[in-house]
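The block underneath contains the structure these notes are about, expressed in C-alpha cells.
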There are 2 protein chains.
Amino acid sequence: MRERAIPEATVARLPLYLRSLVDMTERGMQTISSEGLAEAAGVNSAKVRKDLSYLGSYGTRGVGYDVEYLIYQISRELGLTQDWNCVIVGVGNLGRALANYRGFGERGFRVSALVDIDETKIGKPVDSMVVEDFADLERIVKEREISIGIVATTAAAAQDAADRLVSAGVKSILNFAPTVLQVPDDVSLRKVDLSIELQILSFYEQRKSALETVRRGKRLTASASKSTRP
Amino acid sequence: MRERAIPEATVARLPLYLRSLVDMTERGMQTISSEGLAEAAGVNSAKVRKDLSYLGSYGTRGVGYDVEYLIYQISRELGLTQDWNCVIVGVGNLGRALANYRGFGERGFRVSALVDIDETKIGKPVDSMVVEDFADLERIVKEREISIGIVATTAAAAQDAADRLVSAGVKSILNFAPTVLQVPDDVSLRKVDLSIELQILSFYEQRKSALETVRRGKRLTASASKSTRP
DNA sequence: ATTTGTGAATCGGTTCACAGCG
DNA sequence: CGCTGTGAACCGATTCACAAAT
C-alpha cells in the first residue's frame, strides 16, 4: 500500500486496535500477530491486516507487529499526538456525567468548557469547572481553541446548539441529543443515541422470543397483524 | 417484497424513521412522502423506500405513507408494542445518569433494577430506585423478567458483568464500558463508546487542519514521520 | 515455519432509473 | 401526473487465498 484515503470503516476500527494494543503493553507484550490483535479487538485477522496495511507496512512477516511502534503509528494517524479541547453544551444529567467522566481526558480530549442556557446553572461549579453562558459560546470557542463540540442538550435545543457551534468555527460535533442534526458538509458529525440502540436490541430480542415461542410449538398467529389498514 | 430477513442496516434506521414520524403526528401531519421522511431522518428517499419495502407495501402510489399506520407497523416490527425490562449494571456517574434519563422509558424501556458490587452503594436510593447487590443478579433478572442488560461498569468489571447477565438468561446487552465484550452467538450486543467516537472525530479533524495548513501554503513536511522504526 | 500484505472474489448495502399503480 | 416499489447497476467493505518476506 501507500497513498491516502483510509476507508471510513477502517478509521472506526483504529481506536479499537489502539485500545487493545495499550492493554498489551501494560501486560508487557512486545509484539503481536494480526491473529492476536484480532482476537483482542473482536474482529477477524484478515480485517486487521488489511486495515493496518492502509497505514503502511508496519509488520514483520513471520513475526507480527511491534506493539509500541504500532501504538505510535495509529495514534499519529488518529491525530492523538496532540490534545483537543472540547466544549460540552448542555449540563443536564448527561452533560454532568460526561463532564465527570475520567478517561476520556485519558486519550487527549480535554473538556475546556461547560455551557448551558439555564441561568440557574450558569456560574455553578460542576467537576472543578464552572458552567458558563451559552451566549458566550463564540468567544469561549475562540479563546480556548476548542475544536470539538459535544451536544448534550434536549432534542429541542440541539439544532440551535449545533448551529452556534458551527458558526463559532467548530468542525467536529458529537451529538447525544435524540434528534437528527443538520450541519454543513465540512463539519464531521457523529451521534450516540441510547434509545435507538435499545430499539435495535428490541428488534432482535423480539425475533428471539418469537422463535422461542415457535420452538415450544405454541405456534405464532402469523398475520394477526393485518389489523387497521387506513 | 415479502418474506423475512430485514437487512441490519435497515433495522438500524427504523428507529430513526419512527422518531421522525412521531414528530410529524405531533405536528398534525397525516401522510408523508418518502422524500419528506428522508429529509426528516437525514437520509435519501431511495433508502427510505427500499427500507420500508422490507416491511411490506405500506405506501400509496401518488400519495405517500399514512403517518399513523407507518408508526404502528414500524413499532410492531421493532417489538415496541410491548415493554422491555432493563437492568443497569454499575451505578457510577454514567449508570446514575442513565437511571435518571427520562425518555427512554418513553419508548417502552423500563429500568427495573440497578445493581452494583460496591457495598457503599447497595441500599442507597438513586432516582426512586434502590441499588441492589450484583450478587443477586440472577434472581432479579428472573423475578422481574428482565431482557436487556445495560453495562455501565468500568472496563475491568465489564466482562464479568456481561458473563453474569448471560448466565442469568439475558440475550440483549448494551455496553457502555470501554472494552470489547465476548458473548455467545445467540446474545445481541451493541456498544456505545464515547472515547472511540471522539477518536474518530479527531482523525477527520486532524485531516482538516492539515488541509487547512497546506491551503495556507505552509506546506506540510510530508513524511517527517518515518521516525523511530523499531 | 510463520505471518504479513494484497490482488481477486464475494458480499451487503446504496443508488439509479423506471415500470406499475393510484 | 406523482410517488411507490423494485430490479439492475454500482460501490465500498469483507473475506479468501496465496505469494513474498524474514
Side-chain angles (χ1 to χ4, degrees), chain A residues 1-17 20-21 24 29-70 73-74 77 200 203-204 229-230, chain B residues 1-17 20-21 24 29-70 73-74 77 200 203-204 229-230:
Chain A
M1 253 279 130
R2 215 68 287 271
E3 275 345 290
R4 278 298 75 75
I6 298 180
E8 274 184 49
T10 295
V11 172
R13 279 188 298 267
L14 290 178
L16 221 56
Y17 301 149
S20 301
L21 290 164
M24 284 166 187
M29 301 174 67
Q30 305 264 307
T31 62
I32 184 73
S33 66
S34 59
E35 192 62 63
L37 182 51
E39 187 169 8
V43 302
N44 69 53
S45 62
K47 213 178 264 179
V48 169
R49 290 198 300 280
K50 179 131 294 197
D51 284 342
L52 296 181
S53 79
Y54 291 116
L55 312 188
S57 278
Y58 295 147
T60 307
R61 288 162 202 244
V63 177
Y65 301 87
D66 183 272
V67 177
E68 288 280 11
Y69 186 62
L70 202 48
Q73 289 299 343
I74 294 177
E77 200 67 56
I200 295 169
F203 174 86
Y204 294 105
R229 201 65 224 265
Chain B
M1 253 278 131
R2 213 68 287 271
E3 275 345 289
R4 280 296 77 74
I6 298 181
E8 275 185 49
T10 295
V11 172
R13 279 188 298 267
L14 291 178
L16 221 57
Y17 301 149
S20 302
L21 289 164
M24 284 165 187
M29 301 174 65
Q30 305 264 307
T31 62
I32 186 70
S33 66
S34 59
E35 191 63 63
L37 181 51
E39 186 169 8
V43 301
N44 69 52
S45 64
K47 213 178 261 180
V48 168
R49 289 197 301 280
K50 179 132 294 196
D51 284 343
L52 296 182
S53 79
Y54 291 115
L55 311 188
S57 278
Y58 296 147
T60 307
R61 288 160 204 246
V63 177
Y65 301 87
D66 182 272
V67 176
E68 288 282 10
Y69 186 63
L70 201 49
Q73 290 299 343
I74 294 178
E77 200 66 56
I200 295 169
F203 173 86
Y204 293 106
R229 201 64 225 262

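Naming: A, B, ... by sequence-line order, numbering from 1 per chain.
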Exercise for review: Give the rounded distance in Å between these two atoms: CZ of A:R49 and P of D:dA13.
Suggested key: 19 Å
Review point. Once you round it to whole Å, what is the distance between P of C:dC21 and OH of B:Y58?
Key: 19 Å
Point to revise | Side chain of A:S53 (C-beta onward), nearest among C:dT15, C:dA17, C:dG5 | key: C:dG5
Exercise for review: Specify the separation, in whole Å, of atom CD of B:E35 and atom P of D:dT4.
Suggested key: 9 Å
Revision key, fill the gap. Sorted by position of nearest nucleotide on DNA chain D, 5' first, the leading residue of B:S34 and A:A46 is B:S34
Review point. Between C:dG13, D:dT4, C:dG5, which nucleotide has the shortest distance from any of its atoms to the side chain of B:S33?
Key: D:dT4
Point to revise | Rounded distance in Å - CG (A:L55) to P (C:dT6) | key: 12 Å
Practice item. Return the value, rounded to whole Å, for the distance between atom CG of B:D51 and atom C1' of C:dT14. Key: 10 Å
Point to revise | Residue from B:T31, B:T60, B:L52 passing side-chain contact (heavy atoms from CB on, under 4.5 Å) with B:Y65 | key: B:L52
Practice item. Would you please confirm or rule out a distance under 4.0 Å between OP1 or OP2 of C:dT15 and any side-chain N or O of B:N44? Key: yes
Study note, to complete from the structure: Closest of C:dT14, C:dT3, C:dA19 to the B:R13 side chain is C:dT14
Review point. What distance do A:Q73 atom CD and A:D66 atom CG have between them, rounded to the nearest 0.5 Å?
Key: 10.5 Å
Exercise for review: Write down the distance between CG (A:D66) and P (C:dT4), rounded to a whole number of angstrom.
Suggested key: 13 Å
Review point. Of all the choices, C:dT14, C:dG5, D:dT4, which nucleotide is nearest to the side chain of B:Y65 once you look at every atom?
Key: D:dT4
Check your understanding: With a 6.0 Å cut-off on ring centres, are A:Y69 and A:Y58 close enough?
Key -> yes
Point to revise | d(CD1, A:I6; P, D:dG12) in whole Å | key: 16 Å
Review point. Do any N or O atoms from the side chain of A:S20 and from the backbone of A:L16 form a donor-acceptor pair under 3.5 angstrom?
Key: yes
Point to revise | Closest to side chain of B:K50, choosing from C:dC18, C:dG5, C:dT14 | key: C:dT14
**Study point:** Protein-nucleotide distance (A:K47, atom NZ; C:dG12, atom P), rounded to Å
**Key:** 12 Å
Review point. Heavy atoms under 4.0 Å, any strand shown: does A:E8 hit a base, just sugar-phosphate, or nothing?
Key: sugar-phosphate
Check your understanding: With distance as the sole criterion, do the side chain of B:R61 and the base of C:dG20 form a donor-acceptor contact below 3.5 Å?
Key -> yes
Review point. Do you know which of B:D51, B:T10, B:I32 makes side-chain contact (heavy atoms from CB on, under 4.5 Å) with B:Y17?
Key: B:D51
Exercise for review: Name the closest nucleotide to the B:A9 side chain, picking from C:dT4, C:dT14, D:dG5.
Suggested key: C:dT14
